[in-house]
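Here it is, the structure, as structure tokens.
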Amino acid sequence: MAKGDRLLDVVDLSTHFRTEEGILRAVDRVSFHLDQGETLGIVGESGCGKSITAKSVMNLVPQPRGSIVGGKVLYHGNNGTVDITSYHHQSREMRKIRGNEISMIFQEPMTSLNPVFTIGDQLMEAIMLHQRLGRAQARQRAAEMLARVKISNPEQRLDRYPHEFSGGMRQRAMIAMALSCNPQILIADEPTTALDVTVEAQILNLMQDLQDEMGMAIIMITHDLGVIAGMADRVLVMYAGWGVERATTEQVFYTPKHPYATALLQSIPKIGVRKRLTSIPGSVPDLNNVEGGWCYFAPRCAEAMDICRQKEPPTFDDDEGHTVKCWLWDKQQTGIKAG
Amino acid sequence: MLSYLIRRILYAIPMLLLVSFFSFIVINLPPGDYLTTVQQQLQSQAGMSRDQAVAMAERMRARYGLDQPFVLQYANWIGGIVTRGDFGYSFQHNRPVSEVIWVRLGWTLLIAGLCHAVSVIIGVLIGIFSATHKYSIGDNIATVFAFLGLSIPNFFFALVLMYLLAFHAGVHVGGLFSPEYVLAPWGWDKFVDLLKHLWVPVVVVGLAGTAQNMRIMRGNLMDVLNRQYVETARAKGLSERKVIYKHAVRNAIQPVIMYMGMALPFLIQGEIIASIILNLPTTGPSFYYALVNQDMYLAGSFLMMIAVVLVAGNLLADFALAWLDPRVRYD
Ligand SMILES: Nc1ncnc2c1ncn2[C@@H]1O[C@H](COP(=O)(O)OP(=O)(O)OP(=O)(O)O)[C@@H](O)[C@H]1O
Ligand SMILES: [Mg+2]
């Protein structure tokens, strides 16, 4: 497969939770795509559905309350195109993809590794599962992977337990594990949020080096626009379960369309200085109590119009693939920005 | 790891000495001794005069060393155990304590061990089922069972079971053998007869432990299943069975094993009650009568043995934990 080929088409993905208060629309008709070798950033406030989107792609939606209720996740793998949402989450077909063709690393390196098994055991487990290798060969491959993520003395470190590793080393080990079967896609769910800034930079550089070497595509989930600016080719901005804007990184940074994206960018005081997203007034609506039929961002939006409170905005697409879910960009109606 | 094992075993020795000393004190606390009881019996049943009885008791006291100072008595007793395996003399049985104690201790350990095994295996299995089928009908039934198991007193359960078995099922209950096998030589039939009797105390004593283990396992496993590393295991592509039995259970079972060490006193306590009701030839009833009659060496030896079993049980539980969880090894 060559760089630039389509790997993933997520079409109108909806993932809901059944809760005591009713149906929670954690992911609501989100679409995006991912090409070979590129990095897609997913950005948005806490609770907007980034992790659940990622878990839906892995078919690992928290059971028993969550389920994918609509849309498709088309994965164009080595064996042709499959719709991941059509597989049962425990099916053999799904398990062959997980950890092998699509892998994932998580936010909390301190708890992502099982405390009672050695690092080596945990790496070898994935390798032996997917690549028909014996113990000795799997061990060798595990050591190679640790060396690849720049952990010194990999042979000895294989026999260490997670509690003997620092946070940064554990995240490296997780990356080694996720990449050990040469996946097409690596999903990184806020991989550096729990780490301090210098370690964060090292881990992000490492991920980019490995991407250059191994050629996998990355879905990078983050709160941090600085990370997006440094790593992503394209960006999906999420708000309250919706994908509100989708564009290249340059487009989002220089010509943002959605008022939420604009507000996010304004919450960065200076270009090049990183800041957490905190300073947009108001907060995300309670996803349990929304009935739909309006724009969830309208209560916080400085440019909100009457229609924003009466009708859900559709997604508008310009010719360059820059999409936005906002009435301001409606050519037919009042869309003042549609030009 | 080896040095950890050795260190822990060495620590146990002074602990056992301390326990034996305090049990000796406790047993000597009630006023009088076994010979006070004997003296009263001589007066009331053998018709001796008070002076004669007192003199006789004094002679026996001198013979058994009961007139010596307390610390010396203790030293003699402990010295005898360590050097000769001599646990002293049981006045009540008129035989050395060691002749009385071993067979009974064997039965106690067998019953307690079976209870332990049953309550851990069944409790853990039901706990796993419950945690992985949260709020299902099976889980609800198991929860009700656990509630009953923890709240029904041992003695009551034993009585109900005896009643049902004797009057409704018409089988022989009480004791470890049917009358015709008590004196029979060991053979297949006798073994089967033993099993037919043994399950009653095992069920009675093991019920609470099973319920307890089930609850601990259920709660812990539900907690562990929410941990990030379980999701990591799923994200690797492991089957759900591997995720649960290899990654989750291994972490969730630790408190059950810790509880195994602490559960022994409850088991022995339950075993005493069940044995008295079911009339079993174990340590329980004779420990009880030794205490009532101030048969001090016998009572002291029972206490000592229970302490040894406890300490050994805790040691085993700690070793199992150290083997299961790398983080406790070097502390
Ligand atoms: N297991 C669950 N049961 C019920 N609701 C859930 C569950 N997991 C997530 N949710 C809900 O789904 C919504 C989206 O959650 P998600 O974890 O995707 O947010 P996020 O964008 O990743 O946030 P963060 O940046 O804090 O990680 C939230 O409203 C959350 O409360
Ligand atoms: Mg998240």
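Just so it is clear, the values below take in all heavy atoms, side chains as well, and ignore hydrogens, waters and symmetry mates. Throughout, a chain's letter reflects where its sequence line sits, starting with A, and its residues are numbered from 1.
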Check this for me: Gln140(A), atom CD, are more than 12 non-hydrogen atoms of other residues, nucleotides or ligands nearer than 6.0 Å? no
Hey, are the side chains of Tyr75(A) and Ile102(A) touching, using non-hydrogen atoms and a 4.5 Å cut-off? yes
Go through the steps for Trp107(B) and Leu280(B) under the test side-chain contact (heavy atoms from CB on, under 4.5 Å), then give the verdict. CA-CA 9 Å; Trp107(B) 284 120; Leu280(B) 306 179; over 6 Å; no
Just checking Met214(A): does its CE atom have more than 12 heavy atoms from other residues, nucleotides or ligands closer to it than 6.0 angstrom?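 Counting neighbours around CE of Met214(A), more than 12 heavy atoms of other residues, nucleotides or ligands fall under 6.0 Å, so yes.
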Engaged part of Glu231(B) at the chain A interface, taking heavy atoms whose separation is under 4.5 Å: both
Against chain B, label Met110(A) side chain, backbone, both or neither, depending on which of its atoms sit under 4.5 Å from a heavy atom there.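 Neither part.
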Measure Leu238(B) against the heavy atoms of chain A and call it side chain, backbone, both or neither at under 4.5 Å. both
Counting C-beta onward and ignoring hydrogens, is there a side-chain heavy-atom pair between Thr232(B) and His247(B) closer than 4.5 Å?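 Of all side-chain heavy-atom pairs linking His247(B) with Thr232(B), none is under 4.5 Å.
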Chain A contact via Lys246(B) - side chain, backbone, both or neither, heavy atoms under 4.5 Å: both
Which atoms of His89(A) approach chain B - backbone, side chain, both or neither, heavy atom under 4.5 Å: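 No part of it gets close to chain B.
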Decide, yes or no, whether a salt bridge links Lys50(A) with Asp189(A) under the criterion of side-chain N to carboxylate O below 4.0 Å.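 Here Lys50(A) does not pair with Asp189(A) in a salt bridge, since their nearest N and O are not under 4.0 Å apart.
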Measure distances from Gln63(A) to the heavy atoms of chain B and classify the residue's part below 4.5 Å as side chain, backbone, both or neither.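 Neither part.
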Which region of Leu129(A), side chain (C-beta onward) or backbone (N, CA, C, O), has a non-hydrogen atom less than 4.5 Å from a non-hydrogen atom of chain B, or is it both or neither?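 Leu129(A) touches chain B through side-chain heavy atoms alone.
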Members of residues 168-176 of chain A whose heavy atoms come closer than 4.5 Å to chain B: Met174(A)
Examine whether an atom of Arg234(B) lies under 4.5 Å from a heavy atom of chain A, and if so say whether it belongs to the side chain, the backbone or both; otherwise answer neither. both
Pair Ser136(B), Asp139(B): side-chain N/O donor-acceptor within cut-off below 3.5 Å: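 Per modelled atom types, Ser136(B) and Asp139(B) side chains form no pair under 3.5 Å.
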Which bit of Lys55(A) comes within less than 4.5 Å of chain B, counting heavy atoms only: side chain, backbone, both or neither? side chain
Crowded around Arg157(A) CZ? As in, over 12 foreign heavy atoms under 6.0 Å? yes
